[in-house]
Amino acid sequence: MRAVICEKWGGPGDLKVADVAPPVLVEGCVRIRVMAAGVNFADTLMIAGHYQLKPPFPFSPGLEVAGEVTECAPGVTRARVGDRVLAFTGHGGFAQEAVTAEANVYPLPDAMDFVAAAAFPVVYFTSHFGLANLVRLNPGETLLVLGAAGGVGLAAVEIAKHLGATVIACAGGPEKLAVARDHGADHVVDYRNENIREQAKALTGGAGVDAVFDPVGGDAFTAALRGTRPGGRILIVGFASGTIPQIPANILLVKNVTVIGYSLGGHRKRDPELADRSLGELYDWWSEGALKPLISRTVALENAAEALQALAGRKSTGKIVLTVGDTP
Ligand SMILES: NC(=O)c1ccc[n+]([C@@H]2O[C@H](COP(=O)([O-])OP(=O)(O)OC[C@H]3O[C@@H](n4cnc5c(N)ncnc54)[C@H](OP(=O)(O)O)[C@@H]3O)[C@@H](O)[C@H]2O)c1
């Protein structure tokens with residue numbers, strides 16, 4: 001099969017696309033003919049050796065796919081050959097075939113095509129699960145979203161709006177702000193030249209925001225913390241800026257602010273029934289037209305490096321999806 005291969009830690013330019021043996025199917029797993037694969041910032045971290053998961057070389061990156069189940073190992077009860085699915089793969093998604101535990105595989109609605117499905121799992125699951133179950137965002141509250149035109153940030157904008165919140169979207173540059181507005185943001189802040197703390201206060205009558213969704217970290221985190229109201233919550237989603245914030249605990253104490261560390265994978269495994277309900281709700285919202293996944297580009301598997309460069313270089317909005325073979 002064709003696959004993107006990482007043989008050493010490095011950048012997108014160090015990847016190869018090659019013919020390799022398909023992955024081995026082991027108990028409790030399903031084999032998926034990959035039709036499309038979502039590209040994530042985490043892929044850029046994984047190939048650089050900066051991600052929490054460091055697979056042995058050689059490996060294929062790729063956290064999420066959509067495709068068709070072609071084989072089920074003994075012990076599989078939920079999936080069947082022929083099912084159209086989306087799946088979390090951990091790694092190995094940038095390939096014509098992927099193998100993953102059946103607990104990572106979810107059926108697709110008939111109306112959802114493979115490209116849209118490949119853009120769905122990581123960003124919508126993360127944002128929905130985090131905002132609904134951890135932040136417990138209430139209607140009428142104000143959420144400040146950092147990196148709001150990126151994959152997970154834009155999904156958070158849409159989900160927060162659907163939960164009835166007012167959304168302040170922070171992103172770099174007018175094009176990205178326009179994308180956030182198109183997806184429902186009430187207010188936008190260009191954090192290249194506007195002060196996040198001042199804007200958070202100004203847009204909330206001086207009170208500060210109720211909650212923050214932060215996939216960026218670095219200075220943006222610190223500014224957002226200072227723009228959070230007493231009693232507010234901050235969801236730590238990622239560090240796309242490359243800087244892990246050192247949190248001034250005195251501010252948390254004085255302001256009674258709660259910082260919530262969040263990794264989707266752990267929660268999904270701990271509470272699969274809640275994850276099923278979360279996806280069911282997301283599918284309902286998607287079919288009602290409330291969620292509009294932005295796939296800003298599709299790129300052929302052979303050109304995966306180009307897609308990863310765009311994310312690493314801050315040049316992407318919404319999701320980039322790799323198409324594999326003749327994706328319908
Ligand atoms: N906790 C979880 O379970 C979970 C799940 C999904 C993703 N994540 C994490 O969330 C982060 C974002 O992932 P994503 O796939 O949504 O990425 P993405 O689509 O590339 O979006 C990241 C955004 O971060 C901003 N950014 C700020 N500084 C940056 C820099 N130096 N380089 C690149 N981008 C920068 C960019 O927006 P501006 O240019 O507007 O600043 C960009 O739109 C990653 O750290 C990822 O690992 C975590």
Side-chain angles (χ1 to χ4, degrees), residues 11-12 37-48 50-53 61-64 88 90-91 93 118-131 133-135 144-159 169-181 183 185 188-194 196 212-221 223-224 234-245 259-270 275 278 293-297 307-321:
V39 182
N40 289 279
F41 193 83
D43 297 312
T44 70
L45 298 175
M46 194 183 291
I47 63 170
H50 296 155
Y51 195 61
Q52 53 261 39
L53 177 75
L63 307 183
E64 59 184 346
F88 292 89
H91 62 91
F120 211 82
V122 171
V123 299
Y124 282 107
F125 246 119
T126 299
S127 301
H128 180 273
F129 204 93
L131 292 174
N133 300 318
L134 301 177
V135 171
L144 184 136
V145 179
L146 300 175
V152 79
L154 197 58
V157 170
E158 289 189 340
I159 284 165
C170 301
E175 282 168 29
K176 289 187 176 181
L177 296 179
V179 165
R181 269 216 193 274
H183 286 255
V188 293
V189 175
D190 186 343
Y191 52 29
R192 286 190 192 163
N193 49 39
E194 289 181 288
I196 294 173
V212 174
F213 183 94
D214 181 12
V216 171
D219 293 343
F221 169 87
I234 302 183
L235 191 68
I236 304 272
V237 180
F239 314 111
S241 66
T243 304
I244 298 172
V259 176
I260 306 163
Y262 175 37
S263 163
L264 172 68
H267 282 290
R268 213 170 44 77
K269 284 192 184 113
R270 248 190 313 280
S278 181
L294 170 63
I295 294 141
S296 57
R297 278 173 74 188
L308 292 167
Q309 289 289 13
L311 262 74
R314 226 168 162 169
K315 292 197 170 64
S316 154
T317 53
K319 292 286 291 189
I320 302 180
V321 171

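Both ligands and their constituent atoms are indexed starting at 1 by order of listing.
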Is the shortest side-chain heavy-atom distance between [X] and [Y] below 4.5 Å?
X	Y	value
L294	T317	yes
N133	H267	no
V122	F88	yes
R314	K176	yes
D43	H91	no
P245	F239	yes
T243	F221	no
F41	V152	no

Quiz item: Between CG of D214 and CG of L235, what distance do you get to the nearest 0.5 Å?
Solution: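 One gets 8.5 Å once the value is rounded to the nearest 0.5 Å.
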
Practice problem: Kindly compute the distance separating CD1 (I159) from CZ (F213), expressed to the nearest 0.5 Å. | Solution: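 It comes to 8.0 Å.
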
Exercise. Give yes or no for whether the N/O distance cutoff of 3.5 Å, strictly under, is met between G151 and ligand 1.
Key: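 Yes: some nitrogen or oxygen of G151 is under 3.5 Å from one in ligand 1.
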
Practice problem: Would you check the N or O atoms of F41, main chain and side chain alike, for any that come under 3.5 Å of an N or O of ligand 1? | Solution: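 Min N/O separation from ligand 1 is below 3.5 Å for F41.
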
Quiz item: Under 30°, 30 to 60°, or over 60°: which ring-plane class applies to F129 and Y262, parallel, tilted or perpendicular?
Solution: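 Because their plane-to-plane angle is under 30°, the rings of F129 and Y262 count as parallel.
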
Looking only at protein heavy atoms, identify the closest one to [atom] and say how far it is in Å.
atom	result
atom 16 (O) of ligand 1	V152 N, 2.8 Å
atom 45 (O) of ligand 1	F239 N, 3.3 Å
atom 47 (O) of ligand 1	A42 CB, 4.0 Å
atom 37 (O) of ligand 1	K176 NZ, 3.7 Å
atom 11 (C) of ligand 1	P215 O, 3.4 Å
atom 26 (N) of ligand 1	R314 NE, 3.6 Å
atom 30 (C) of ligand 1	A240 O, 3.1 Å

Going by the atom numbers of ligand 1, which of them fall below 4.0 Å from some non-hydrogen atom of [X]?
X	result
L264	2 (C), 3 (O)
L311	20 (O), 33 (C)
S263	1 (N), 3 (O)
Y262	1 (N), 2 (C)
V216	24 (O), 25 (C), 27 (C)
A171	40 (O)

Answer side chain, backbone, both or neither: which part of [X] comes under 4.0 Å from ligand 1, heavy atoms only.
X	result
V237	both
Y191	side chain
T126	side chain
V122	side chain

Practice problem: Answer with yes or no whether G242 contacts ligand 1, where contact means a heavy atom under 4.0 Å from a ligand atom. | Solution: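 Checking ligand 1 against G242, which is what was asked, there is no heavy-atom contact under 4.0 Å.
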
Quiz item: Is Y51 in contact with ligand 1, taking contact as a heavy-atom separation below 4.0 Å?
Solution: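 The answer is no: ligand 1 sits nowhere under 4.0 Å from a heavy atom of Y51.
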
Quiz item: Testing N40, V237, L131 for side chain to side chain contact (heavy atoms under 4.5 Å, CB included) with T126, which one passes?
Solution: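 When side chain to side chain contact (heavy atoms under 4.5 Å, CB included) is applied between T126 and each of N40, V237, L131, only V237 qualifies.
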
Quiz item: So which of A149, G150, A310 gets nearest to atom 42 (C) of ligand 1, if we judge by its closest heavy atom?
Solution: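 The nearest heavy atom belongs to G150.
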
Quiz item: With respect to atom 40 (O) of ligand 1, which of G172, G173, G266, G38 exhibits the smallest heavy-atom separation?
Solution: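 Among G172, G173, G266, G38, the closest heavy atom to atom 40 (O) of ligand 1 comes from G172.
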
Quiz item: Any donor and acceptor pair, going by atom type alone, linking the side chain of T44 with main-chain N or O of L308 inside 3.5 Å?
Solution: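 Such a contact is absent between T44 side chain and L308 backbone.
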
Exercise. Check whether more than 12 heavy atoms from other residues, nucleotides or ligands sit under 6.0 Å from atom CD1 of I244, and answer yes or no.
Key: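 Counting other residues, nucleotides and ligands, CD1 of I244 stays at 12 neighbours or fewer.
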
